Colleague: 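Provided herewith is a single structure, encoded as structure tokens, for subsequent inquiry.
Note: hydrogens, waters and symmetry copies are ignored here, and every other heavy atom, side chains too, is used. Proteins come first, then strands; the chains are lettered A, B, ... in the order of their sequence lines, and each starts at number 1. All of these numbers come straight from a predicted model, not from anything done at the bench.
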Number of protein chains: 2
Amino acid sequence: MSLYKFSPETPSGNQPLSSSLFSRLQTDILTGKIRSGEKLTEQRICEQYSVSRTPVREALRQLEMDGLIESIPNRGAYVIGLSLQDIGDMYQLRKIYEIQAVRWAIERITEKELDQLEETFEFMEFYTMKSDKEKMLNINTYFHQLIYSASHNRMLQHMLASYQIYIKHIRTTPRNDDEYLHLVLEEHRAIFEAFQKRDVEAGARAMEIHMNNSKARSI
Amino acid sequence: MSLYKFSPETPSGNQPLSSSLFSRLQTDILTGKIRSGEKLTEQRICEQYSVSRTPVREALRQLEMDGLIESIPNRGAYVIGLSLQDIGDMYQLRKIYEIQAVRWAIERITEKELDQLEETFEFMEFYTMKSDKEKMLNINTYFHQLIYSASHNRMLQHMLASYQIYIKHIRTTPRNDDEYLHLVLEEHRAIFEAFQKRDVEAGARAMEIHMNNSKARSI
DNA sequence: CGCAGTATAATTGTATACAAGTATTCAATT
DNA sequence: AATTGAATACTTGTATACAATTATACTGCG
């Protein structure tokens, strides 16, 4: 992933229209457009999304791996979705790994990676100043991904990446206040400064605070 | 999942022949039959596994979600596989969640679930006595799944279940000694006894020991 | 000999057709 | 009236055909 997409010069940068059927279904389930418990027949998805059954089946398999639907052989697929309980559970679990990621990352981060993190954080400051919430969400995700990457643990990256999809949809609660952006910024500043000081415990604490607040803000 | 499959009365109980293409490919990648870095063309898989492209494509999407292959649009799929580093990473990560699972499970387990855990542990004793390593592996998996389930955290179940696949293949190092079975049994006994006493800290310690030993035994 | 451009081959992406399994309906029988 | 059975409709599972994209090989030109 490149940083260019966050640079001030880039135009609005909307979602790509060519987003896969999998992503579209994922979004529609997570935003509640497709309801929990609903039966998904391949035929109906074909009609509603104007695609043939081949891509539909592939998307359903992916959703199943994500735990968003349950597929019963020769019977069909049922939407599981996320309950409030699930969301709470997820934040608890994510927190555990995010803290671990910070610990390992502070121990193992390279100079180059630290520069990237600094640059990313500076973009966060810039977009907070500009009150660009959309860009903040994207760069926020990227900031965390840099930490995963700096942990130099491929499995951890993979596991935490799988949480991001949920987070992205959950945290779209309408909260336009600048205060929100500033709070998020300061939480990330604390994390970033722990990296600069190579202070593992401070990093873990800062991330724990950030996670607790994220959870609180989301519900 | 039912317990019947572990009962002494059941015959040998081999793997189902109707195992999905996804599982077969997963196994072949994890056992090294399909090498890391290898390019997978859909055509070749069709021929080698005697199926058409539709199921092949579905299996590839699933493998991609698992992180076992990397699929580049219009280019093809490349096997990533697991390095020794990955396996070590995975054990570290699994340990964190297994310990958390035990903590929550001991706090939240129902009487009925505890009975199931007891029954399962007694099967472990039985198969250790009979030196049936195959059955021990299965019931070992089941023992852990009961803990996940008793944690009453659906996300945690989902995350930990995704590790089991790897574990199953990694731990097939040829170690026929009864000593191995007895060690595993005693480690599980410690965990089970912590459940009986509802001692969270003892459970966490017992699981940590079990995880450390599992890792050591696997490498 | 090297390079660019084009034609060909190979591979993935998508659509459709057919087979197999499952659910539903309705009539016949008890 | 309830239940069983067969026939029908529906849904998923698989195979194949076609379109779009990418890789490769070859030819012509400098």
Side-chain angles (χ1 to χ4, degrees), chain A residues 1-2 14-29 33-81 158 161 165, chain B residues 1-2 5 14-29 33-81 158 165:
Chain A
M1 197 193 222
S2 150
N14 284 320
Q15 297 254 58
L17 287 169
S18 65
S19 188
S20 70
L21 179 63
F22 167 58
S23 312
R24 290 168 67 193
L25 284 168
Q26 202 177 42
T27 301
D28 289 348
I29 290 173
K33 201 183 282 182
I34 299 175
R35 286 205 198 93
S36 191
E38 191 171 335
K39 178 172 181 178
L40 297 178
T41 69
E42 294 174 3
Q43 198 70 46
R44 261 194 45 235
I45 300 172
C46 290
E47 290 158 8
Q48 292 186 6
Y49 293 83
S50 303
V51 282
S52 75
R53 279 184 58 215
T54 309
V56 168
R57 288 181 60 85
E58 287 170 16
L60 289 178
R61 290 288 169 282
Q62 290 177 296
L63 292 169
E64 193 179 7
M65 296 289 286
D66 247 7
L68 286 178
I69 66 169
E70 190 191 356
S71 188
I72 304 167
N74 284 313
R75 294 261 311 257
Y78 295 85
V79 177
I80 295 177
H158 187 243
I165 309 138
Chain B
M1 196 192 224
S2 150
K5 52 162 45 158
N14 283 320
Q15 298 253 56
L17 288 167
S18 64
S19 189
S20 69
L21 179 62
F22 167 58
S23 312
R24 292 168 67 192
L25 284 167
Q26 201 178 41
T27 302
D28 289 349
I29 290 173
K33 200 184 279 181
I34 300 175
R35 286 204 198 92
S36 192
E38 192 171 334
K39 178 173 181 179
L40 296 178
T41 71
E42 295 173 4
Q43 197 70 45
R44 263 194 44 236
I45 299 173
C46 290
E47 290 159 9
Q48 293 185 6
Y49 293 83
S50 303
V51 282
S52 76
R53 279 183 60 215
T54 309
V56 167
R57 286 180 61 86
E58 287 172 17
L60 289 178
R61 290 289 170 281
Q62 291 177 297
L63 292 169
E64 191 179 8
M65 295 290 284
D66 247 7
L68 285 178
I69 67 170
E70 190 191 355
S71 188
I72 304 166
N74 283 313
R75 294 265 306 260
Y78 294 86
V79 177
I80 295 176
H158 187 243
I165 311 140

Colleague: Figure out the CD/C1' separation between B:Glu47 and D:dT16, and round it to whole Å.
Modeller: 15 Å
Colleague: What's the spacing between A:Tyr78 OH and A:Ser71 OG if we round to 0.5 Å?
Modeller: 10.0 Å
Colleague: Restricting to side-chain hydrogen bond (donor to acceptor under 3.5 Å, both in side chains), what partner residues turn up for B:Ser23, sequence neighbours left out?
Modeller: B:Ser20
Colleague: Test of understanding: with side-chain hydrogen bond (donor to acceptor under 3.5 Å, both in side chains), list the residues that count as partners of A:Tyr49, not counting sequence neighbours.
Modeller: A:Asp28
Colleague: Applying side-chain contact (heavy atoms from CB on, under 4.5 Å), run through A:Ile69 and A:Ile29 and close with a yes or a no.
Modeller: CA-CA 9 Å; A:Ile69 66 169; A:Ile29 290 173; 4.0 Å; yes
Colleague: Roughly how far, to the nearest 0.5 Å, is CG of A:Leu21 from CG of A:Leu60?
Modeller: 8.0 Å
Colleague: Using a cut-off of 4.0 Å between protein heavy atoms and nucleotide atoms, how would you tag nucleotides 5-14 of chain D 5' to 3' with B, S and -?
Modeller: -------BBB
Colleague: Below 3.5 Å, can you tabulate the donor-acceptor pairs from side chains in residues 38-45 of chain A to any protein atom, sequence neighbours excluded?
Modeller:
unit_1	atom_1	unit_2	atom_2	d
A:Glu38	OE1	A:Arg35	N	3.0
A:Glu38	OE2	A:Arg44	NH2	3.3
A:Lys39	NZ	A:Arg75	O	3.2
A:Thr41	OG1	A:Arg44	N	3.3
A:Glu42	OE1	A:Arg53	NE	2.8
A:Glu42	OE1	A:Arg53	NH2	2.8
A:Glu42	OE2	A:Arg57	NH1	2.9
A:Arg44	NH1	A:Lys39	O	3.4

Colleague: How long is the span from the CD atom in B:Glu58 to the CZ atom in A:Arg61, to the nearest 0.5 Å?
Modeller: 4.5 Å
Colleague: With sequence neighbours left out, which residue pairs that include part of residues 62-73 of chain A fulfil the salt bridge (Lys or Arg N to Asp or Glu O under 4.0 Å) condition?
Modeller: none
Colleague: Need the bend value for the helix from C:dC1-D:dG30 to C:dT30-D:dA1: angle between end axes, 5 pairs each end, nearest 10°.
Modeller: 10°
